[in-house]
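Okay, so here's the structure we're looking at.
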Amino acid sequence: MVMLWARQVATQRLALTASPPLPPDMVHIYDTVIIGGGVVGLSILRTSLLQGYNAILLERNPHLLNGASGRNSGVICTGVDAPSGSLERALIRDSISRVREFCEEFNIPMRECGSVVCMWPWDEEEECGGEDSDEEEKKNETTSSIRDNDSRSDMSLCHERLRHVLHESHIAGDTDASYLDSQTISTLEPALSSQCRGAVHIPGEIVVDPWLFPLAYAAHARELAKRRKHEFDDVIQTGREVDLSQSSFDRKTGLWSIVTRQSDCNDGKDTVVITARSVINAAGIDSDIVQLSASSVNTETRQSECIVPPPDFEARPRRGQYIVYSAPSDDTNQDTVQSATAQWKVPRTVPIRPIQPVPTDRTKGIFVYSSLYDQIVAGPTALDQSSRTDDTLDENVAKTLAHHASRVLGRQMGSSSVQTDPDFDRNIVGEYVGVRPGSSKRDYQIQLHCFSKFITVGGIRSTGLTASLGIGRHVVQCLLSTIVPTPVVVGGEEACKSLPPTPLPKVYELVEQYHYRGDGAVEVGGHVYKVTHPLTRIGWNARTGIANVGK
C-alpha cells in the first residue's frame, strides 16, 4: 500500500510552500476573519465553520502551528492548577469532556493514562530555602540522622500538600483522583525513583501527539469548507500578514476592510483588502499588540473615538525549555497500553504516566514523561523573559532539567546532545524552547467588543492545547451573540453532523510518507503540512513507539 502511495506521489507531489496569492480584486464578504494559525485559531476556525459561518484564517508564518503551538508538551491536563472559578478552568473542563471522542473520530493517537503528582524529599528542602549545591550536600551529610528522626514531620507535610492537590482535583471535577502511598506508586510506575513519598493519581489526563491533534482542526476545517463549496479556494492562508493600522471599519455598514499582504513581500504589490463582518484576534503572544493596533483603526466617517479599546492586559512571555531523551534500545519488560485509537507496548524503563510535582500558583512545574514515541521528556521550565521571540537553548537550564529527570527516575540522565558517555542511562536526542503567551492577569482574556464585532483571545498560557476545544466553542458563542451566519451558508452544526469527517491517516502511514518525501512535511486531504513540533519529528525520525503500530 505504501509503495502504491509512493508511485502516486512520484507523479504528482504537492509542494511545501505558503498559500498562493489572494486575488487582488477579491470582494467577497466573510462572516469573520481569524488572525493566527496556532492551535487556538485553528480550533476557532473549525468551530465557526461547523456553526455555519463563512470564515477565513490568516497566518503570517509560511506554516501552521509555529510558536507556542509547535512547542508544547502534548499532555492534556484536567485543570487542577487553573484558578477555581476561572474561565480557564471552565474551558479546560469543557474540552476534557470531549477530547476522547475527538481523538477517536479523527484517528488521533492518545494514551489515556492519567498522571501522578508526586511528593519528593527535596520538595521540603526547596521550601526551606532552595536546592542544596554539591558542596552543601557534603556538609549536610552530617545532619542526615537528624533528618531521619524528623521524618514523621516531613511525611505529615507531604500528606498535607498531597491532600490539598487531591481536594483541588475533586473540586475541578476529577472525582476519581486518589491518594497513592510510596509502595503503591512504586508498583504503578516502576520507572520512578524509590524516593517518591506519595502521590495523587489523576486518571483523566491524556498524552497525545502534540502536532497531530491541532492538525486535525486544520484538516477538518478545510474539508468543511470544501463540502460547503466555500467562496474561496482555501480557508487557511499562510504567509499572510495583517496590517490593522492600515485597515478600516465602516460604522454604517458594520464591515471591516482588513489590509493584508504576503509576509515576505515589502513592496506593497501583494496588498489585498479582505472585507469581513467581524475579526477574531487569536494571535497568541502578540494578541495584545494586535488589539492595540486595532484600537487605532480609522473609520470611514473619520470619527475620533476608537472602535476597539486598547488592551487591558499585557502579554508576559514565559519560556519553557524541554529536553528529550532517546527511547530504550531493547524491547524487554514491556507493558501493554490500550486506548480507543491504538494498542502498543511501552518499555517499563520509561514512565507511562506524566510525573508532575506539586503545582504552585505560578506553574505546574517540570514534568517527566514519555511521549507516544517512547522518548523520555523533561520540561517545561517557567522562566519570565522580555523577548517574545527568543527561543534559544540555555545550557544551564538543560543541566537543571537533566538533574531533575535524574532524581525523578533514579538514574543518571545526560545533559548534552553530544553526550555519548555509556555511564548515562539515556542520551539527549532533542531540545526545544516554547515561548508561552502568559499575561498580567491570571486567567484567559477572551473579550468581545460588540459594536465593532472584534474578539480578542489572549492570555492563553500553556493550557492552550488542552482547552482548545472549549475555547473554540466559547469564542463562537460570543460571535453568535453579535452576528448570525450568512444565510447562503446552509445548515450549521447539526447539518455538519450528517457529514462524518475524514479521519487522519494512520500514524505509520504518515511516517512512511514523511520519510519518502524528505522535506519534513506530509500531505493530508490534498494539502501539505510541515511537521513543526519537535516531539513528532523526533518520534517519526526514530520510528519508535506508536510510529511502529499498525504495520
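In what follows, residues are counted from 1 in the order of the sequence shown.
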Starting from the C-alpha separation in whole Å, work towards a yes-or-no answer on side chain to side chain donor-acceptor pair (under 3.5 Å) for Ser439 and Gln445. CA-CA 8 Å; Ser439 79; Gln445 299 301 304; 4.8 Å; no

Report yes or no: does Asp390 contribute a side-chain atom to a donor-acceptor pair with the main-chain N or O of Thr392 at less than 3.5 Å? yes

Determine whether more than 12 heavy atoms belonging to other residues, nucleotides or ligands lie under 6.0 Å from atom NE2 of His170. yes

Could you check if a side-chain atom of Glu314 sits within less than 4.5 angstrom of a side-chain atom of Lys441, using non-hydrogen atoms only? no

Salt bridge (Lys or Arg N to Asp or Glu O under 4.0 Å) with Arg388: which residues, sequence neighbours excluded? Asp286, Asp288

Do you know the tightest heavy-atom contact between Leu65 and Ser69? CD2-CB, 4.0 Å

Side chain to side chain, Leu50 and Arg46, heavy atoms closer than 4.5 Å: yes

Are Val433 and Arg71 close enough that some pair of their side-chain heavy atoms sits under 4.5 Å apart? no

Side chains of Thr463 and Tyr444, donor plus acceptor under 3.5 Å: yes

Can you confirm whether Ser193 sits close enough to Val408 that some side-chain heavy atom of one is under 4.5 Å from a side-chain heavy atom of the other? no

To the closest 0.5 Å, what do you measure between CG (Leu504) and CD (Glu105)? 11.0 Å

So Asp94 and Arg473, salt bridge (charged side-chain N to carboxylate O under 4.0 Å, His left out) or not? Walk me through it. CA-CA 9 Å; Asp94 180 31; Arg473 179 147 68 179; 2.4 Å; yes

If we ignore hydrogens and angles and just use 3.5 Å, is the side chain of Ser43 paired with the main-chain N or O of Ser468 as donor and acceptor? yes

Side-chain H-bond candidate by donor/acceptor type, Ser370 with Arg111, under 3.5 Å: yes

side-chain hydrogen bond (donor to acceptor under 3.5 Å, both in side chains) partner of Tyr373, the single match among Asn541, Thr536, Asp209: Asp209

Ring centroid separation Tyr179 to His201 under 6.0 Å: no

Verify, without hydrogens or angle tests, whether Ser48 (side chain) and Ile44 (backbone) share a donor-acceptor contact under 3.5 angstrom. yes

Closest heavy-atom pair, Ile34 versus Gly41, reported as atoms and distance to 0.1 Å, is CG2-O, 3.9 Å

Are Val435 and Arg318 side-chain neighbours, meaning at least one heavy-atom pair lies under 4.5 Å? no

Donor-acceptor contact below 3.5 Å, side chain Asn61 vs main chain Asn66: no

What distance do Phe367 atom CZ and His404 atom NE2 have between them, rounded to the nearest 0.5 Å? 10.0 Å

When you measure from the side chain of Ser95 to the backbone N and O of Leu91, does any donor-acceptor pair fall under 3.5 Å? yes

When you check the side-chain N and O atoms of Asp181 and Gln183, is any donor under 3.5 Å from an acceptor? no

Carboxylate-amine/guanidinium proximity below 4.0 Å for Arg89 and Glu168: yes

Does Gly79 offer a backbone N or O that forms a donor-acceptor pair with the side chain of Arg93 under 3.5 Å? no

Flag for Thr381-Gln321: side-chain donor and acceptor within less than 3.5 Å: no

I'd like to know if Arg442 and Glu88 make a salt bridge, using a cut-off of under 4.0 Å between side-chain N and carboxylate O. no

With rounding to the nearest 0.5 angstrom, report the CG to SG distance, Asp81 to Cys77. 6.0 Å

Please name all residues satisfying side chain to side chain donor-acceptor pair (under 3.5 Å) with Ser73, sequence neighbours left out, ordered by chain then number. none

Cys196 versus Ile185, closest heavy-atom pair with distance: SG-CG2, 3.9 Å

For Val358 and Val200, run side chain to side chain contact (heavy atoms under 4.5 Å, CB included): C-alpha distance rounded to whole Å, both residues' side-chain angles, the deciding distance at 0.1 Å, then the answer. CA-CA 9 Å; Val358 175; Val200 171; over 6 Å; no

Beyond-backbone contact of Val522 with Trp540, side-chain heavy atoms, under 4.5 angstrom: yes

Atom CD of residue position Glu101 - does it have more than 12 heavy atoms of other residues, nucleotides or ligands inside 6.0 Å? no

Just checking, is any N or O donor in the side chain of His533 or Asn72 under 3.5 Å from an acceptor N or O on the other one? yes

Is the distance between the ring centroids of Phe102 and Phe213 under 6.0 Å? yes

Pair Leu409-Ile376, side chain to side chain contact (heavy atoms under 4.5 Å, CB included): steps then yes or no: CA-CA 10 Å; Leu409 299 177; Ile376 295 178; 4.1 Å; yes

Quick test of your reading of the model: are Asp394 and Lys399 salt-bridged, counting only N-O distances below 4.0 Å? no

Show the nearest heavy-atom pair for residues Gly70 and Pro534, with the distance to one decimal. O-CD, 3.2 Å

Side-chain heavy-atom pair Phe106, His220 within 4.5 angstrom cut-off: yes

Over 12 foreign heavy atoms within 6.0 Å of NE2, His167: no

Ignoring hydrogens, what is the shortest heavy-atom contact between Ala547 and Gly539? Give both atom names and the distance. CB-O, 4.1 Å

Using 0.5 Å steps for rounding, measure from the CZ atom of Arg436 to the CD1 atom of Ile460. 14.0 Å

If only side-chain N and O atoms count, and only distance matters, is there a donor-acceptor pair under 3.5 Å linking Ser326 with Asn427? no

Closest contact, heavy atoms only, Ala405 versus Ala378: CB-CB, 4.1 Å

State yes or no: are the ring centers of Tyr529 and His63 separated by less than 6.0 Å? no

Would you check, one step at a time, whether the test side chain to side chain contact (heavy atoms under 4.5 Å, CB included) holds for Leu212 with Met110? CA-CA 10 Å; Leu212 288 177; Met110 61 176 172; over 6 Å; no

Derivation and outcome, salt bridge (charged side-chain N to carboxylate O under 4.0 Å, His left out), residues Arg543 and Glu512: CA-CA 9 Å; Arg543 297 178 187 259; Glu512 291 297 328; 2.9 Å; yes

Rounded at 0.5 Å granularity, tell me how far CD1 in Ile206 sits from CD1 in Ile76. 6.5 Å

Can you tell me how far CH2 of Trp120 sits from CG of Leu192, rounded to the nearest 0.5 angstrom? 4.5 Å

Checking Glu205 side chain against Cys113 main chain: does a donor-acceptor pair fall under 3.5 Å? no

Is any side-chain heavy atom of Arg197 less than 4.5 Å from a side-chain heavy atom of Pro121? yes

What's the verdict on side chain to side chain donor-acceptor pair (under 3.5 Å) for Thr544 and Asp374, showing C-alpha distance, side-chain angles and the deciding distance? CA-CA 7 Å; Thr544 51; Asp374 291 349; 5.7 Å; no

Quick one: do the Gln447 and Thr456 side chains pair a donor with an acceptor below 3.5 Å? no

Verdict with supporting geometry, Ile446 and His474, side chain to side chain contact (heavy atoms under 4.5 Å, CB included): CA-CA 9 Å; Ile446 300 180; His474 179 73; 3.8 Å; yes

